[in-house]
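In what follows, a single structure is set out as structure tokens and then discussed.
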Amino acid sequence: EFRRVLFRSEQGRWEEGWRAYGHRFAAGVVAGPRFTAGTVPLRLESLDDLRPGDTVACHGEQGLGDEILFSGMLAECAGAVSARGATLQLDCHPRLRRVFARTFGLPPLSRGPDGEPSGDLPDWILPMGDLGRFFRTHSDDFPDRGAYLAVEPARVAEIRRGLLAQGGGESLVGLAWSGGSPYTHDRYRRVALAEWLPLLRLPRTFVALEYRDAAAEIAEVASAHGVRVVDPFGLAASWEYDDVLHLVAALDHVVTVPRSEEHTSELQSRQYL
């Protein structure tokens with residue numbers, strides 16, 4: 001079924017693709033958010049089902065990159081929900097809360113330390129992956145824009161100065177050569193650093209975006225081939241994705257295997273939702 005979704009989308013048959021994509025929870029491909037047994041709010045199927053005073057919790061799904069990708073439609077969703085007198089809450093991954101709070105200013109769905117919702121439950125839940133069914137049904141609906149995640153310019157400038165000082169003043173190119181987990185097919189998402197040598201020999205400052213400790217691999221390539229890769233591991237591996245966002249924003253270019261940075265980079269954002 002997922003292959004049919006991709007096929008329809010590639011053909012520009014967006015409404016059909018999104019409709020088929022809606023079955024992902026029932027098929028067990030994607031897990032829904034946690035709620036106390038027997039209290040799961042109804043999934044919002046149409047914006048016209050909203051009534052004044054309703055609350056809608058838009059929840060993340062899949063991985064960080066997917067949430068970042070789908071969040072490009074959150075501002076439109078918030079406007080549509082508000083126009084109906086309802087309130088949109090955000091139930092995103094904890095690592096993205098700071099980024100999304102700065103960018104969208106939406107009230108969060110409150111959850112306790114055990115991950116269970118605290119306080120009043122929303123009237124509706126809305127998976128982020130469903131937003132396309134409302135706001136991206138034709139090819140003309142996809143905006144031509146730059147990055148939509150807000151950053152702090154002073155912090156970006158500080159990180160950029162530090163990276164340029166380490167690399168000798170050339171333009172900055174972020175490089176991520178591994179990603180995923182066994183569950184997300186990591187064996188297909190790795191290109192050993194040594195295989196990037198044609199790129200690494202260009203007169204640029206290359207910056208590692210690895211969230212696993214790659215110091216030994218970086219040192220080995222430097223010793224064997226005389227190329228240098230700056231390793232800001234504290235930022236790239238930070239649990240708080242806000243650090244990663246500011247690191248990526250400080251770069252001129254990003255080269256990556258399939259990972260969340262693919263959606264975060266300003267250069268890539270024009271191609272997405």
Side-chain angles (χ1 to χ4, degrees), residues 1-6 8-9 13-101 103-138 141-142 148 183 263 272-273:
E1 183 61 39
F2 188 66
R3 286 193 293 270
R4 284 196 288 270
V5 170
L6 294 176
R8 289 163 183 160
S9 299
R13 296 157 60 188
W14 297 105
E15 290 186 84
E16 294 179 56
W18 290 121
R19 193 181 309 118
Y21 190 56
H23 299 299
R24 62 197 180 281
F25 293 98
V29 177
V30 178
R34 287 181 56 185
F35 288 95
T36 304
T39 62
V40 180
L42 290 174
R43 182 175 174 183
L44 187 66
E45 299 292 344
S46 171
L47 292 171
D48 292 332
D49 291 336
L50 293 175
R51 297 293 178 264
D54 282 356
T55 57
V56 185
C58 188
H59 66 81
E61 55 176 281
Q62 304 178 61
L64 294 182
D66 298 280
E67 291 196 34
I68 293 169
L69 167 65
F70 293 132
S71 73
M73 299 176 280
L74 276 176
E76 291 161 270
C77 183
V81 169
S82 177
R84 290 163 172 80
T87 300
L88 185 67
Q89 298 176 319
L90 192 54
D91 188 21
C92 65
H93 192 286
R95 291 185 64 192
L96 294 171
R97 286 174 184 163
R98 185 183 298 175
V99 174
F100 284 178
T103 301
F104 305 110
L106 295 172
L109 177 70
S110 180
R111 290 185 177 273
D114 58 357
E116 296 290 344
S118 57
D120 295 334
L121 289 178
D123 298 293
W124 307 91
I125 56 173
L126 176 59
M128 281 192 191
D130 281 2
L131 295 179
R133 185 160 54 88
F134 301 137
F135 303 105
R136 299 291 184 269
T137 57
H138 299 89
D141 294 336
F142 290 79
Y148 50 79
Y183 177 74
H263 308 304
Y272 291 101
L273 302 173

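Side chains included, hydrogens not; waters and symmetry mates left out as well; all remaining heavy atoms used.
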Who are the side chain to side chain contact (heavy atoms under 4.5 Å, CB included) partners of [X], not counting sequence neighbours?
X: Arg111; result: Pro33, Arg34, Phe35, Asp91, Leu109, Pro117
X: Arg98; result: Arg102, Glu240, Asp242
X: Ser110; result: Ser118
X: Pro108; result: none

Using side-chain heavy atoms (C-beta onward) and a distance below 4.5 Å, is [X] in contact with [Y]?
X: Gln62; Y: Met128; result: no
X: Glu45; Y: Arg43; result: yes
X: Val81; Y: Thr87; result: no
X: Leu90; Y: Pro107; result: no
X: Leu106; Y: Gln89; result: no

Asp141 to Phe135 - nearest heavy-atom pair and separation: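 Closest pair (atom of Asp141, atom of Phe135, distance): CB-O, 3.4 Å.
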Contact summary for Ser71 and Phe100, nearest pair of heavy atoms: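 Distance-wise, the nearest heavy atoms are CB-CZ, 3.5 Å.
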[X] side-chain N/O to [Y] backbone N/O, donor-acceptor pair under 3.5 Å:
X: Arg97; Y: His93; result: no
X: Arg84; Y: Leu47; result: yes
X: Trp18; Y: Leu131; result: no
X: Arg24; Y: Tyr21; result: yes
X: Thr103; Y: Val99; result: yes

Please tabulate, for the side chains in residues 119-127, all donor-acceptor contacts under 3.5 angstrom to protein atoms that are two or more places apart in sequence or on a different chain.
from	atom 1	to	atom 2	distance (Å)
Asp123	OD2	Thr55	N	2.8
Asp123	OD2	Thr55	OG1	3.4
Trp124	NE1	Asp54	OD2	3.1

Can you tell me how far CZ of Arg13 sits from CZ of Arg19, rounded to the nearest 0.5 angstrom?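 The CZ atom of Arg19 sits 10.0 Å away from the CZ atom of Arg13.
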Step by step, work out the salt bridge (Lys or Arg N to Asp or Glu O under 4.0 Å) result for Arg136 and Glu15. CA-CA 8 Å; Arg136 299 291 184 269; Glu15 290 186 84; over 6 Å; no
Show your working on side-chain contact (heavy atoms from CB on, under 4.5 Å) between Ile68 and Leu96 and close with a plain yes or no. CA-CA 8 Å; Ile68 293 169; Leu96 294 171; 4.1 Å; yes
Is the closest basic N to carboxylate O distance between Glu67 and Arg95 below 4.0 Å?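 Answer for the salt bridge query: no.
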Phe134: partners by ring-ring contact (aromatic ring centres under 6.0 Å, His included), with sequence neighbours left out: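 Not a single residue meets the ring-ring contact (aromatic ring centres under 6.0 Å, His included) criterion with Phe134.
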Candidate pair Cys77 and Leu88, rule side-chain contact (heavy atoms from CB on, under 4.5 Å), full reasoning: CA-CA 8 Å; Cys77 183; Leu88 185 67; 3.9 Å; yes
Given the side-chain rings of Trp14 and Phe142, with only the six-membered ring counted for Trp, is the space between their centroids under 6.0 Å?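 Yes, close enough.
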